[in-house]
2 protein chains.
Amino acid sequence: MSNSHSHHHHHDDDRDKDEVLARYMAQHGLKSTRQRSLIIDTFFAVGGHLSVEELWNKVREQDTKVSVATVYRTMKLLSECGLAHARNFGDGQTRYEAAAGRDHHDHLVCTGCGTIIEFENERIEALQDAVARRHGFKVTSHKMELYGLCRECQRGGPVASEA
Amino acid sequence: MSNSHSHHHHHDDDRDKDEVLARYMAQHGLKSTRQRSLIIDTFFAVGGHLSVEELWNKVREQDTKVSVATVYRTMKLLSECGLAHARNFGDGQTRYEAAAGRDHHDHLVCTGCGTIIEFENERIEALQDAVARRHGFKVTSHKMELYGLCRECQRGGPVASEA
DNA sequence: ATTTCTGCAAAAAATTTGCATCTGG
DNA sequence: CCAGATGCAAATTTTTTGCAGAAAT
């Protein structure tokens, strides 16, 4: 339900992403390797909010001997060039989510079953900017999470926890 | 819970806090110990957004042999009874901040110098509730952080990092 | 007396890093 | 070739835990 009104066309997201990545790598003298490509492709293909370990598992389905270290290093890269955002939802792990070509969005996190729903709200964004301006801040990014119980969990009681 | 308009008098916050704490401890069969009191008092006295280690250091100025484990355990407690909130600002550590008697507030985090400014905005809160309602969520808490450069850091360039 | 703490040190969990060895450009 | 990347294991960092002794109710 996202990618509705991008300023461009259909799969420009992908193109943008690749461009951003290529430019960044060139500027920083980085090399394109089999592992990096695999990790990055997997990351964008799977989507969602992946912990490094989850991503690592997915990656290893393709190439058994990619090391976690490489996944950590690659995700840090993606994060630095703005194609992924690191998030912390309170479970001990850092989770990454794709950022390219997406409007900013925030999260509703169900503390019962762990479901994460994304949403966007322009009016909130506008107010955030206003607040920041009022404090003399130049905002570069933000995150917002609402924690609570989803419809299901309000009824039947929380579904068994599953980390 | 923290629905109180804090426009009461001076130390109602403290009273509230102590009540909440006492009730919670009673209901859960918890004991009031020297260490817990020290940690909790220190936590509220210092204020700000403390990591466990920072708090531990402060605590040890009073009592050299409180263990870090106790600080972790106590902060988890405070967090569970709603008197403190755990936050993650992206440096590897969980930080806690006092919650008693305060209206909900959010943060402006300067990525240049690390300064954290708190703010409240009812209109944003209202919009958040609306969004949640629209998704069938019953929100229990939320967090929101805006990252960017504060006035200072926009001018003179980022102050030397001081991790 | 009984139940709940605390300190300590070991254990876990998450992430980073050193280094010898490969690899892309 | 050579800068940069990878794997692996060891090292860090952050948080949790088991347990025996200490305290609180």
Side-chain angles (χ1 to χ4, degrees), chain A residues 18 21-43 49-57 59-60 62-81 84-96 161-163, chain B residues 21-43 49-57 59-60 62-81 84-96 161 163:
Chain A
D18 290 345
L21 192 52
R23 183 160 6 105
Y24 186 86
M25 295 185 82
Q27 289 179 346
H28 293 254
L30 303 178
K31 291 175 178 172
S32 169
T33 65
R34 181 172 39 82
Q35 294 91 326
R36 271 187 188 159
S37 302
L38 173 56
I39 293 168
I40 293 173
D41 289 349
T42 305
F43 172 66
H49 304 82
L50 291 171
S51 67
V52 171
E53 193 164 359
E54 287 166 351
L55 178 54
W56 185 37
N57 288 329
V59 165
R60 281 195 294 182
Q62 304 297 127
D63 179 340
T64 326
K65 48 177 152 351
V66 173
S67 84
V68 227
T70 300
V71 181
Y72 272 104
R73 292 189 271 230
T74 302
M75 290 317 293
K76 179 161 290 180
L77 258 180
L78 271 193
S79 186
E80 279 161 2
C81 70
H85 288 308
R87 303 276 181 190
N88 248 124
F89 294 112
D91 63 337
Q93 302 170 97
T94 297
R95 289 173 176 283
Y96 289 92
S161 70
E162 43 86 16
Chain B
L21 192 53
R23 184 162 4 106
Y24 185 87
M25 297 187 81
Q27 289 178 348
H28 293 254
L30 303 178
K31 290 174 178 173
S32 168
T33 66
R34 182 172 42 80
Q35 294 91 326
R36 272 186 188 160
S37 302
L38 174 58
I39 293 168
I40 293 172
D41 289 349
T42 305
F43 172 67
H49 304 83
L50 292 170
S51 67
V52 169
E53 192 162 359
E54 287 166 350
L55 178 53
W56 186 36
N57 287 330
V59 164
R60 280 194 294 183
Q62 304 297 127
D63 180 340
T64 326
K65 49 176 152 352
V66 173
S67 85
V68 72
T70 300
V71 181
Y72 272 103
R73 292 188 273 231
T74 302
M75 290 319 292
K76 180 161 288 181
L77 258 179
L78 271 193
S79 186
E80 279 162 2
C81 70
H85 289 308
R87 303 274 181 191
N88 249 122
F89 294 111
D91 63 337
Q93 301 171 99
T94 297
R95 291 174 175 281
Y96 289 92
S161 68

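In what follows, chains are A, B, ... by sequence order, proteins preceding strands, each numbered from 1.
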Query raised in the report: Under a 4.5 Å cut-off applied to non-hydrogen side-chain atoms, are B/Q62 and B/D41 in contact?
Result: no
Requested in this report: Whole angstrom is fine here: how far is it from CD in A/E80 over to P in C/dT16?
Outcome: 10 Å
Query - Atom-to-atom span, NZ of B/K76 to C1' of C/dT6 - whole angstrom - result: 16 Å
Report summary line: Per atom distances to the A/Q93 side chain, the nearest of C/dC5, C/dA14, C/dG7 is C/dA14
Report summary line: At a 4.0 Å cut-off to heavy atoms of chain B, the contacted part of DNA chain D spans D/dT14 to D/dT25
Requested in this report: Look at all strands and tell whether B/V52 reaches a base, only sugar-phosphate, or nothing, counting heavy atoms closer than 4.0 Å.
Outcome: nothing
Query raised in the report: Got more than 12 heavy atoms from elsewhere within 6.0 Å of CD, A/E80?
Result: yes
Query raised in the report: Roughly how many Å is it from OH in B/Y72 to C1' in C/dC8, rounded to a whole number?
Result: 15 Å
Query raised in the report: To the nearest Å, how far apart are B/L78 CG and C/dC5 P?
Result: 14 Å
Query raised in the report: CZ of B/R95 to CG of B/N88: how many Å apart, nearest 0.5 Å?
Result: 9.5 Å
**Report entry** Interatomic distance, A/W56 CH2 vs C/dT15 P [rounded to whole Å]
**Finding:** 13 Å
Query raised in the report: Roughly how many Å is it from CG in A/N88 to C1' in C/dT15, rounded to a whole number?
Result: 13 Å
Requested in this report: Enter the inter-axis angle for the ends of the helix from C/dA1-D/dT25 to C/dG25-D/dC1 (five pairs per end, rounded to 10°).
Outcome: 30°
Query raised in the report: So B/K76 and B/Y72, side chain to side chain contact (heavy atoms under 4.5 Å, CB included) or not? Walk me through it.
Result: CA-CA 6 Å; B/K76 180 161 288 181; B/Y72 272 103; over 6 Å; no
Query raised in the report: Nearest heavy-atom pair of A/S79 and A/A86: which atoms, and what distance?
Result: OG-N, 4.4 Å
Report task. Apply side chain to side chain contact (heavy atoms under 4.5 Å, CB included) to the pair B/R36 and B/L38, showing each step before the final yes or no. Result -> CA-CA 5 Å; B/R36 272 186 188 160; B/L38 174 58; over 6 Å; no
Requested in this report: State, yes or no, whether a side-chain contact exists between B/K65 and B/D63 at a heavy-atom distance under 4.5 Å.
Outcome: yes
Query raised in the report: Taking for each residue the nucleotide of DNA chain C bearing the nearest heavy atom, is the 5' side occupied by B/R73 or by A/V68?
Result: B/R73
Report task. Check B/V71 against B/W56 and note the closest heavy-atom contact, atom names and distance. Result -> CG2-CD1, 3.6 Å
Requested in this report: Could you tell me the separation between the CD1 atom of B/I39 and the C1' atom of C/dT6, rounded to a whole number of Å?
Outcome: 10 Å
List every contact pair, protein side and nucleotides 21-25 of chain C side both N or O, where the distance is under 3.5 Å.
residue	atom	partner	partner atom	Å
C/dG24	N2	A/K31	NZ	2.9
C/dG24	N3	A/K31	NZ	3.4

Query raised in the report: Are any non-hydrogen side-chain atoms of B/F43 and B/V59 less than 4.5 angstrom apart?
Result: no
Report summary line: In short, A/M25 meets A/K31 closest at the heavy-atom pair CE-O, 3.1 Å
Requested in this report: Look at all strands and tell whether B/R36 reaches a base, only sugar-phosphate, or nothing, counting heavy atoms closer than 4.0 Å.
Outcome: sugar-phosphate
Requested in this report: Go through A/L78 and A/L21 one step at a time and tell me if the side chain to side chain contact (heavy atoms under 4.5 Å, CB included) criterion holds.
Outcome: CA-CA 8 Å; A/L78 271 193; A/L21 192 52; 4.0 Å; yes
Requested in this report: Could you check A/L55 against A/I39 for side chain to side chain contact (heavy atoms under 4.5 Å, CB included), going step by step and ending with a plain yes or no?
Outcome: CA-CA 8 Å; A/L55 178 54; A/I39 293 168; 4.0 Å; yes
Report task. For A/L50 and C/dA14, give me the distance from atom CG to atom P, rounded to whole Å. Result -> 15 Å
